[in-house]
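So that the names make sense, note that chain A is the first sequence line, chain B the second, and so on, each numbered from 1. FYI, side chains are in, hydrogens and waters are out, and symmetry mates aren't considered; it's all heavy atoms of this structure.
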2 protein chains.
Amino acid sequence: MPIKQIPDIVVGRLPVYLRALSYLAAEGIQTTSSHELGKRLGISAAQIRKDLSQFGEFGKQGTGYNVGYLREQIRRILKVEREWHVILVGVGDLGRALAHYGGFVDRGFRIVALFDSDPAKIGQRIGDLEIMSMDRLAEVVRERGIQVAMVAVPAAHAQKVAEDCMAAGIKAILNYAPITLQVPEGAFVQHIDPVTHLQRMTYYL
Amino acid sequence: MPIKQIPDIVVGRLPVYLRALSYLAAEGIQTTSSHELGKRLGISAAQIRKDLSQFGEFGKQGTGYNVGYLREQIRRILKVEREWHVILVGVGDLGRALAHYGGFVDRGFRIVALFDSDPAKIGQRIGDLEIMSMDRLAEVVRERGIQVAMVAVPAAHAQKVAEDCMAAGIKAILNYAPITLQVPEGAFVQHIDPVTHLQRMTYYL
DNA sequence: TAGATTGTTAATCGATTAACAATC
DNA sequence: TAGATTGTTAATCGATTAACAATC
């Protein structure tokens with residue numbers, strides 16, 4: 001019997017649903033509906049119901065969804081009810097901002113090691129983490145079984161860094177360098193390039 | 001006669017094509033093909049040809065595409081052959097990193113004004129820009145005819161800031177706050193939330 | 001009960017791919 | 001010419017929407 005394949009585009013919307021549910025919970029709202037969620041997110045109610053139905057039945061006819069329960073279910077589906085340890089490679093301006101950002105931990109991610117290739121930075125501390133040499137990346141990743149990396153190095157170095165990460169056992173890379181990384185089957189990359197987002201909007205202006 | 005409507009998903013890929021073409025140009029490569037581009041980007045050659053064909057005929061049978069020419073054409077389509085003036089609202093760690101980032105200008109965007117609501121920051125300089133009070137946002141946007149904003153304020157303030165921006169005449173917002181902004185018809189928002197990207201990958205781990 | 005909302009089905013809509021004539 | 005690659009068409013594939021029975 002074939003395992004039902006969930007479309008990636010559906011997986012991609014779950015974090016957005018989860019984020020909205022967290023805000024609803026923070027507002028003290030206990031029950032919501034596909035219509036309410038959809039209105040907040042600019043997504044049709046039908047699509048939200050369809051998406052959720054891929055994973056189970058989480059609502060109640062006539063009532064809608066319990067915010068806390070649905071939130072927990074999506075956290076479980078996305079595997080963020082646990083805490084993922086993440087390395088950060090590249091501690092320039094952006095890397096520093098990411099290292100200081102307080103919004104990772106309560107959504108399932110903790111930066112546990114920093115790496116940079118600049119000898120002048122090695123040994124510096126950010127919070128309670130020390131910036132380490134790239135030489136130590138593989139060792140740290142292997143010993144601690146880390147699967148997720150954030151890469152904030154210059155574009156010219158990003159592909160090499162990604163390959164080093166993969167070789168060490170990293171399976172998922174969040175890439176801030178403005179270049180498309182090539183990774184082998186079974187590895188995952190997400191790209192964050194503000195300029196591509198800006199350019200997508202100027203087309204319409 | 002109806003104007004041919006370009007799918008937004010196609011528009012969204014153009015900046016990625018453009019970025020790849022810029023790297024090819026920097027490498028001194030003068031000619032490329034849909035296959036070569038596709039291989040670099042993990043996109044099928046057919047899709048690239050189909051996407052480009054929405055806007056015109058840019059290639060030559062048997063030869064492929066002239067890198068410089070195609071690059072110019074996409075820059076024109078995306079309207080980034082000009083320089084867009086952008087305001088940055090929110091000068092925390094991330095805002096500072098964005099203000100320092102050197103990668104905007106040569107891709108069509110220049111940050112021309114900084115705003116923050118923290119009185120302690122107002123008057124501080126970053127490069128040759130002075131951080132201004134939110135009170136001055138509308139005035140600056142109107143006087144200079146600015147249409148694009150980057151928002152890097154805490155989530156709790158982002159919707160209000162977005163509304164202030166829209167009221168002042170901003171038409172496109174790049175939002176770094178981890179919340180879905182609601183904007184009126186005719187305005188555009190792109191969201192950058194690293195955690196949603198991470199969560200999209202952990203599903204598969 | 002009456003009203004509301006889910007989960008699901010079928011229909012619609014849209015995007016991607018395969019294939020190939022045209023032609024450089 | 002022979003080989004390569006485009007632009008485009010048609011076929012396929014996939015995603016979204018509309019509608020509604022089920023039911024809280």
Pair pattern of DNA chain C in dot-bracket, where unpaired bases get dots and | marks partners in another strand, Watson-Crick or G-U under 3.5 angstrom: ..||||||||||||||||||||||
[X] side chain: which of [options] is closest?
X	options	value
A:Gln61	D:dT17, D:dA22, D:dT9	D:dA22
B:Ser53	C:dG7, D:dG7, D:dT5	D:dG7
B:Ile9	D:dC24, C:dT17, C:dA15	C:dA15

Report yes if a side-chain nitrogen or oxygen of B:Arg13 is closer than 4.0 Å to either non-bridging phosphate oxygen (OP1 or OP2) of C:dT16; otherwise report no. yes
Taking only side-chain N and O atoms of A:Tyr65, does any of them lie within less than 4.0 angstrom of OP1 or OP2 on C:dG7? yes
Are the side chains of A:Thr202 and B:Gln147 in contact, using a 4.5 Å heavy-atom criterion? no
Donor-acceptor check, side chain of A:Lys79 to backbone of B:Leu205, threshold 3.5 angstrom: yes or no? yes
Would you call the rings of A:Tyr203 and B:Phe55 parallel, tilted or perpendicular, where under 30° means parallel and over 60° means perpendicular? perpendicular
Close approaches to DNA chain C from residues 24-40 of chain A, in residue order (heavy atom, under 4.0 Å): A:Ser33, A:Ser34
Heavy-atom closest pair (B:Asp193 atom, A:Arg107 atom, distance to 0.1 Å) is OD2-NH2, 2.9 Å
Hey, are A:Lys160 and A:Glu163 close enough for a salt bridge, meaning a charged N less than 4.0 Å from a carboxylate O? no
Does the side chain of A:Arg19 come under 3.5 Å of the side chain of B:Thr180 through a donor N or O and an acceptor N or O? yes
In whole Å, what is the span from the CD atom of A:Glu57 to the P atom of D:dC24? 11 Å
